[in-house]
A.B. asks: 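This is the structure, below, for whatever I ask next.
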Amino acid sequence: MRISRRAVVTALAIALAAAVGGAGASAAAETATVQDAADESQDFPFPGADTIALHDGSDQYITYGASAHGRKVPYAISGSGDVVGTSPVIAGDAMPDGGGAWVEDGSGIWTPGAWYHVKDGVGRYYLFYTATHRDDNGRKCVGVARSRNPGGPFTPEPTPIVCPDKGDRWALDADVTAGPAGAIWMTWRDGQRAEGLESALSVMMLTFNTDGTVDRNGDPVVILRSDSLVWAKWRDTGGVTVIENPSAFYHDGSWYLFYSGNAWAENYYSTGIAYCGAKIDDGLCTPMPGPNRAWFSYSGPAVHLPDDMRKYGLPGNKRGPGAMDVYLARDGRPWVTWNYLADDSSGRKSRTGRLVVTGSGAGADFKVQLS
């Protein structure tokens, strides 16, 4: 019988808890528990996940996922204090009635980007989500929904915040982050501004209004195009070179863009990082460590990107790591949630870890460790 590292460490934690007792015991047990990188049982069992800190007095975190298994936006609660943690236990559905009036009946909700914002003393949770636009040949657009309760139900705005009118192009995979001077930015895969057989990732500033609605605050700016990314094209015969799931991260005076590339259903779907400089909306970001290599990728033994097309692996070396979202824990330190192809072929699951940053500027280095 295989005994996981999680089981051994948890058993030691329980013994310690029994010895010291009380609240200190609970803290000791939580601190001592470390996830076995091979064990998928504790991961969030839905793809397209985003995580934020709760502001309900619980000191915990909430993770929202994409539609699957009869739920529109499943969510789970985890962690405490400065430790984000993870949980496979689904606490509810944040958008059980779907994406609102503009959304096609029966449409799923994909890649919900989560955000919390206080305006004029009122705190609200927001989801920036992808759904299929009604009567528009399957076009995907990005909508916004809000709630004062993190578990919802969320109220969608009546029209999407971005929706292409160019051919059969889509808008999808929105994420929201804060930068200097309190500016709030949204990144997304922007079909409106893509050219030919490429994908484009764009950014624009947002305004949060007193009534809870959200408006654009400026024009979209393309910050990454896929045409030069060799690893994103490898063995992909789908036509368009795909990059998606952008997540912008401001650190030590510089912006970085985390994104996915290649075919999402394949082992070699991977995560790239680009350096954007001191301003996120000042032209194209520069791929790191260059256009030929993904930053995080699966390394085998099944089919995978060649060694010269990938830089690092991720804990557990799971297949097809993508949709990596960067966010901050309560102490201001960065964490990430990403998804992968489950070993049991059940689809994609999502995993959480600490983002370890060394160096700065264009020379920064990024690795991930499990909590």
Side-chain angles (χ1 to χ4, degrees), residues 40-80 84-117 123-134 138 140-161 172-176 186 188 212-214 245 247 264 322-323 325 327 337-340 342 344 346-352:
E40 299 179 358
S41 67
Q42 297 304 306
D43 291 331
F44 183 67
F46 291 84
D50 194 7
T51 303
I52 58 171
L54 285 169
H55 295 263
D56 60 355
S58 69
D59 213 28
Q60 293 184 294
Y61 297 81
I62 186 167
T63 296
Y64 300 94
S67 297
H69 313 307
R71 299 179 187 268
K72 289 293 187 182
V73 180
Y75 65 89
I77 308 298
S78 65
S80 180
V84 175
T86 184
S87 175
V89 179
I90 303 307
D93 188 341
M95 295 182 68
D97 297 326
W102 65 268
V103 174
E104 184 80 33
D105 292 343
S107 170
I109 303 293
W110 297 281
T111 56
W115 188 248
Y116 180 80
H117 186 75
R124 295 181 177 91
Y125 297 85
Y126 290 85
L127 294 176
F128 293 76
Y129 60 93
T130 302
T132 304
H133 196 282
R134 184 181 299 277
K140 304 298 186 285
C141 302
V142 173
V144 185
R146 64 187 181 275
S147 175
R148 295 189 188 182
N149 184 340
F154 280 71
T155 301
E157 296 198 8
T159 59
I161 193 166
L172 62 160
D173 299 341
D175 190 56
V176 177
M186 185 180 87
W188 75 102
T213 58
V214 181
N245 303 119
S247 180
W264 70 271
D325 185 73
Y327 51 91
T337 297
W338 72 98
N339 66 53
Y340 61 87
D344 63 4
S346 61
R348 284 188 170 270
K349 293 184 175 182
S350 296
R351 175 162 284 189
T352 297

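Note: hydrogens, waters and symmetry copies are ignored here, and every other heavy atom, side chains too, is used.
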A.B. asks: For P45 versus K349, what's the shortest heavy-atom pair and its separation?
C.D. replies: CA-CG, 4.1 Å

A.B. asks: Give the minimum heavy-atom separation between D325 and D175, together with the two atoms involved.
C.D. replies: OD1-OD1, 2.6 Å

A.B. asks: OH of Y126 to OG1 of T213: how many Å apart, nearest 0.5 Å?
C.D. replies: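 Atom-to-atom, Y126:OH and T213:OG1 are 7.5 Å apart.
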
A.B. asks: Rounded to the nearest 0.5 Å, what separates atom OG in S107 from atom NZ in K140?
C.D. replies: 6.5 Å

A.B. asks: Looking at H55, is its backbone amide N or carbonyl O close enough to the side chain of Y125 to form a donor-acceptor pair, meaning the two atoms are under 3.5 Å apart?
C.D. replies: yes

A.B. asks: Minimum heavy-atom separation for P74 and A66, please, with both atom names.
C.D. replies: CD-O, 3.4 Å

A.B. asks: Extract all donor-acceptor atom pairs below 3.5 Å that involve side chains of residues 91-100 and protein atoms in other chains or at least two apart in sequence.
C.D. replies:
unit_1 : atom_1 : unit_2 : atom_2 : d
D93    : OD1    : V73    : N      : 2.9
D93    : OD1    : M95    : N      : 3.1
D93    : OD2    : K72    : N      : 2.8

A.B. asks: Kindly compute the distance separating CD1 (I77) from OG1 (T51), expressed to the nearest 0.5 Å.
C.D. replies: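 Between I77 CD1 and T51 OG1, I get 10.0 Å after rounding to 0.5 Å.
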
A.B. asks: Just by modelled atom types, is the V214 backbone N or O under 3.5 Å from a matching donor or acceptor in the E157 side chain?
C.D. replies: yes

A.B. asks: May I ask you to test the H69-F46 pair for a side-chain heavy-atom distance under 4.5 Å?
C.D. replies: yes

A.B. asks: Would you give the length of the straight line joining atom CD of Q60 to atom OG of S87, rounded to the nearest 0.5 angstrom?
C.D. replies: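 These two atoms lie 9.5 Å from each other.
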
A.B. asks: For Y327, which residues count as a side-chain hydrogen bond (donor to acceptor under 3.5 Å, both in side chains) partner, sequence neighbours excluded?
C.D. replies: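 For Y327, the residues satisfying side-chain hydrogen bond (donor to acceptor under 3.5 Å, both in side chains) (neighbours in sequence not counted) are T337.
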
A.B. asks: If every non-hydrogen atom of T63 is compared with every non-hydrogen atom of A49, which pair is closest and at what distance?
C.D. replies: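 Taking every non-hydrogen atom into account, CG2-CB, 3.7 Å.
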
A.B. asks: Using every non-hydrogen atom in the two residues, find where G123 and Y116 come nearest and quote the distance to one decimal.
C.D. replies: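 Closest approach of G123 to Y116: CA-OH, 3.3 Å.
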
A.B. asks: Look at the rings of W102 and Y129 and say which category their plane angle falls in: under 30° parallel, 30 to 60° tilted, over 60° perpendicular.
C.D. replies: parallel

A.B. asks: Working to the nearest 0.5 Å, report the span between CZ of R348 and CG of N339.
C.D. replies: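 Going from the CZ atom of R348 to the CG atom of N339 covers 4.5 Å.
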
A.B. asks: Residues in side-chain hydrogen bond (donor to acceptor under 3.5 Å, both in side chains) with S350, at least two apart?
C.D. replies: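 side-chain hydrogen bond (donor to acceptor under 3.5 Å, both in side chains) list for S350, sorted by chain: empty.
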
A.B. asks: Between D50 and A114, is there a donor-acceptor pair closer than 3.5 Å when you use the side chain of the first and the backbone of the second?
C.D. replies: yes

A.B. asks: Can you measure from CG (L172) to CH2 (W188) and round to the nearest 0.5 angstrom?
C.D. replies: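 The distance works out to 11.5 Å.
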
A.B. asks: Has the side chain of S78 got a donor or acceptor atom that lies under 3.5 Å from a matching backbone atom of V84?
C.D. replies: yes

A.B. asks: Do P160 and V142 make a side-chain contact, defined as non-hydrogen atoms from C-beta onward lying under 4.5 Å apart?
C.D. replies: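 With C-beta onward as the side chain, the pair stays apart.
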
A.B. asks: Write down the atom of D43, the atom of Y340, and the distance for their closest heavy-atom approach.
C.D. replies: OD2-OH, 2.6 Å

A.B. asks: By side-chain hydrogen bond (donor to acceptor under 3.5 Å, both in side chains), which residues pair with S58, not counting sequence neighbours?
C.D. replies: D56

A.B. asks: Using salt bridge (Lys or Arg N to Asp or Glu O under 4.0 Å) as the criterion, list what pairs up with R134, not counting sequence neighbours.
C.D. replies: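 Testing R134 for salt bridge (Lys or Arg N to Asp or Glu O under 4.0 Å), a comparison that skips the adjacent residues, returns D105.
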
A.B. asks: Taking side-chain hydrogen bond (donor to acceptor under 3.5 Å, both in side chains) as the definition, give me every residue that meets it alongside N149, ordered by chain and number, with sequence neighbours left out.
C.D. replies: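 Not a single residue meets the side-chain hydrogen bond (donor to acceptor under 3.5 Å, both in side chains) criterion with N149.
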
A.B. asks: For I90, does its backbone N or O pair with a side-chain atom of R71 as donor and acceptor, under 3.5 Å?
C.D. replies: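 Such a contact is absent between R71 side chain and I90 backbone.
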
